[in-house]
K.L.:
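Take this structure, written in structure tokens, and hold onto it; I'll ask about it next.
Numbering of ligands and ligand atoms starts at 1, following listing order. Position 1 is the first residue of the sequence; numbering continues from there.
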Amino acid sequence: MGEQQEEFAIRVRDLVVGFGRQTVLDHLSLDVRRGEILGLVGASGGGKSVLMRTIIGLIPRRGGTIEVMGQPIGGRTQGAATAWGILFQQGALFSSLTVRQNVQFPLRENLVLSQELMDEIAIAKLEMVGLRAQDADKYPAELSGGMTKRVALARALALDPPILFLDEPTSGLDPIAAGDFDALIRTLQGTLGLTVFMVTHDLASLTTVCDRVAALADGKIVAIGPMRELLQSEHPWVRAYFHGKRSQMLQHEMR
Ligand SMILES: Nc1ncnc2c1ncn2[C@@H]1O[C@H](COP(=O)(O)OP(=O)(O)O)[C@@H](O)[C@H]1O
Ligand SMILES: [Mg+2]
């Protein structure tokens with residue numbers, strides 16, 4: 001295995017994705033290092049979710065190459081579902097299934113395991129994300145927002161993937177629940193050695209959890225680096241974005 005394959009979990013080169021006449025991603029390139037938590041920021045409707053879905057093979061591309069864990073993702077093939085876990089933006093759980101059944105869903109789809117083993121795995125994953133075995137028999141309607149995100153996370157981790165994709169995981173949570181979720185991501189990343197690719201607008205997540213932050217504007221990654229470097233970026237969109245965020249934060253502190 002070459003050095004580059006060792007170093008990067010995801011390599012995207014010259015990616016072009018569009019719908020009809022609209023070009024969403026325009027010769028975008030991005031490297032995600034193994035074991036890092038990379039945050040992705042960008043304007044609403046700018047293509048953050050499209051980028052994530054294209055990397056995992058759910059959206060076809062018009063050009064460019066994508067490699068995940070050293071394996072090329074084909075234009076049509078979806079790659080190995082076991083290479084990643086995903087928490088989608090509209091990451092709804094299946095409302096007619098219990099928590100346990102939700103977490104077991106990827107196991108059922110991909111493996112043949114005894115019910116006993118699947119039950120053990122489900123409980124282990126729930127405990128890993130800070131839930132209790134008693135929560136396993138609840139239905140999604142009986143869960144708080146923070147618990148729902150944790151169940152979705154347990155489901156994403158069901159197949160022990162090396163990469164975790166999170167699409168705005170803390171949006172809609174109160175600041176305390178969001179902070180707890182961030183701490184959980186950091187802990188899981190550290191203990192499981194996960195690579196995490198996270199779309200977020202949450203300034204606290206960007207500064208405390210992400211090793212690096214990438215900014216998507218005009219269909220490209222226009223800046224990437226540790227948060228302190230992004231704050232120094234000269235790119236007009238990046239400046240405007242973080243300047244706005246900073247002033248929001250200052251206003252908040254002055255209240
Ligand atoms: N399946 C689709 N078909 C057509 N247009 C889409 C599809 N998915 C996303 N788009 C468009 O692509 C653009 C980027 O969307 P998205 O990636 O969801 O933005 P965001 O950065 O907010 O996550 C938007 O203009 C959206 O309308
Ligand atoms: Mg989105």
K.L.:
Could you state the interatomic distance from CZ (Arg150) to CG (Leu126), rounded to the nearest 0.5 Å?
P.N.:
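If I round to the nearest 0.5 Å, the distance is 11.5 Å.
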K.L.:
Can His235 and Tyr241 be said to form a side chain to side chain donor-acceptor pair (under 3.5 Å), step by step?
P.N.:
CA-CA 10 Å; His235 190 278; Tyr241 182 80; over 6 Å; no
K.L.:
For atom 12 (O) of ligand 1, what's the nearest protein heavy atom and its distance?
P.N.:
Val24 CG2, 3.5 Å
K.L.:
Count the heavy atoms belonging to other residues, nucleotides or ligands that lie under 6.0 Å from CD of Glu116, then report whether that count exceeds 12.
P.N.:
no
K.L.:
Compute the shortest N/O to N/O distance between Ile59 and ligand 1 and return yes if it is under 3.5 Å, no if not.
P.N.:
no
K.L.:
For atom 25 (O) of ligand 1, what's the nearest protein heavy atom and its distance?
P.N.:
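Answer for atom 25 (O) of ligand 1: Gln22 NE2, 2.9 Å.
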K.L.:
Is it true that Asp137 and Thr98 share a donor-acceptor pair across their side chains at a distance under 3.5 Å?
P.N.:
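Side-chain D/A pair, Thr98 to Asp137: absent.
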K.L.:
So, 4.0 Å and heavy atoms of Gly46: is ligand 1 close enough to count as a contact?
P.N.:
yes
K.L.:
Cation-pi check, Arg186 to Phe181: give yes when NZ or CZ is under 6.0 Å from the six-membered ring centre and within 45° of the ring axis, no otherwise.
P.N.:
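The answer is no, since Arg186 fails at least one limit relative to Phe181.
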K.L.:
Check if Gly20 has a non-hydrogen atom at a distance under 4.0 Å from any atom of ligand 1.
P.N.:
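The answer is no, since Gly20 has no heavy atom less than 4.0 Å from ligand 1.
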K.L.:
More than 12 heavy atoms of other residues, nucleotides or ligands under 6.0 Å from CZ of Arg239: is that the case?
P.N.:
no
K.L.:
Could you tell me, atom by atom, which parts of ligand 1 come under 4.0 Å of a heavy atom of Ala43?
P.N.:
21 (O)
K.L.:
With a 4.0 Å cut-off, would you call Arg62 and Asp26 a salt bridge?
P.N.:
no
K.L.:
Assess Met52 for proximity to ligand 1: is some non-hydrogen atom of it under 4.0 Å away?
P.N.:
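No, Met52 has no heavy atoms under 4.0 Å from ligand 1.
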K.L.:
Tell me the contacting part of Val50 for ligand 1: side chain, backbone, both, or neither, using a 4.0 Å heavy-atom threshold, strictly below.
P.N.:
both
K.L.:
Which residue owns the protein heavy atom closest to atom 14 (C) of ligand 1, what's the atom, and how far is it?
P.N.:
Gly45 O, 3.3 Å
K.L.:
Measure the distance from atom 18 (O) of ligand 1 to every protein heavy atom, then report the residue, atom name and distance (to 0.1 Å) of the closest one.
P.N.:
Ser49 CB, 3.7 Å
K.L.:
When you check the gap from the basic side-chain N to the acidic O, do Arg13 and Asp31 get nearer than 4.0 Å?
P.N.:
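Salt bridge present between Arg13 and Asp31.
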K.L.:
Is there a donor-acceptor pair under 3.5 Å between the side chain of Asn102 and the backbone N or O of Phe94?
P.N.:
yes
K.L.:
In terms of atom number and element, which parts of ligand 1 are under 4.0 angstrom from non-hydrogen atoms of Ser44?
P.N.:
22 (O)
K.L.:
Measure from atom 27 (O) of ligand 1 to the protein's non-hydrogen atoms and state whether any distance is below 4.0 Å.
P.N.:
no
K.L.:
Students should be able to answer this: which protein heavy-atom is nearest to atom 8 (N) of ligand 1, and at what distance?
P.N.:
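Checking every protein heavy atom, the shortest distance to atom 8 (N) of ligand 1 gives Phe19 CZ, 3.6 Å.
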K.L.:
Quick check on the Mg ion (ligand 2): does Ser44 put an N/O/S atom closer than 2.8 Å to it?
P.N.:
no
